[in-house]
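All heavy atoms count here, side chains included; hydrogens, waters and symmetry mates do not. We name chains A, B, ... by the order of the sequence lines, and we start the count at 1 in each one.
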Amino acid sequence: DAGITQSPRHKVTETGTPVTLRCHQTENHRYMYWYRQDPGHGLRLIHYSYGVKDTDKGEVSDGYSVSRSKTEDFLLTLESATSSQTSVYFCAISESGYNEQFFGPGTRLTVL
Amino acid sequence: SQQGEEDPQALSIQEGENATMNCSYKTSINNLQWYRQNSGRGLVHLILIRSNEREKHSGRLRVTLDTSKKSSSLLITASRAADTASYFCATDGLRSGNQFYFGTGTSLTVIP
């Protein structure tokens, strides 16, 4: 999967707890993205990064924060998980912001 | 929203037949991409077509783009059972920076 991993792959947590998902790449790509995928909605962008410590919001950023302290790692944090954040989360990387994206295997998050 | 919309939502064909799926979008774009997603996996990039291109081929895939109608089509020729997957179009936007908008996908089933 183009040198991109996500951890954990599955997580079950309770409402109100903080959750951090990690995306790690070995491709040295500049751009990294976090998406969520829900039935009937396709993939929706949560946040993305265009360099170390450079991030921007996507269309569904409320309730999420991100950090990128190294080129290879992009963290997604749910500050206080809610049941509406139950979803499959995908990380993606891209050399530039206009070219193809390479996707990780996904993290299935369930918030009870 | 600039989200692309695929049509049909689901498509079932016999092996060897051609499969055509369409994508419509709302605002001007720099490029449009098609991705495939096998069940339980991340998305895989298939093809990118730029706004100044009208047609592009890659193996058994043929993509067309009509910017005047804000639409694209993906044709898979001589389909195989292994083509069974969901197919998504993704569009950027002239004013959306490096964000991509994915449609809700077409679920293709190829019957052996």
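Contact annotation for A/Q6: neither backbone nor side-chain heavy atoms come within less than 4.5 Å of a heavy atom of chain B. Residue contact with chain A, scored on non-hydrogen atoms closer than 4.5 Å, involves the side chain of B/L48 exclusively. Contact of A/D38 with chain B is not made at all, since no heavy-atom distance falls under 4.5 Å. Neither the backbone nor the side chain of B/Q9 has a heavy atom closer than 4.5 Å to any heavy atom of chain A.
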Quiz item: Would B/R60 and B/R80 count as a side chain to side chain contact (heavy atoms under 4.5 Å, CB included) if you check the C-alpha gap in whole Å, the side-chain angles of each, and the deciding distance to 0.1 Å?
Solution: CA-CA 10 Å; B/R60 294 184 294 114; B/R80 306 166 181 168; 3.4 Å; yes
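When all heavy atoms of B/T104 and B/E6 are compared, the closest pair comes out as N-OE1, 2.9 Å.
Classification of the B/F102-B/Y35 ring pair by plane angle, with boundaries at 30° and 60°, yields tilted.
Remark: A/R22 engages A/D73 in a salt bridge, criterion side-chain N to carboxylate O under 4.0 Å.
Side-chain contact annotation: A/Y64 with A/R36, donor-acceptor N/O pair under 3.5 Å present.
Ranked by heavy-atom pairs under 4.5 Å with chain B, the list A/Q37, A/R108, A/E100 is led by A/E100.
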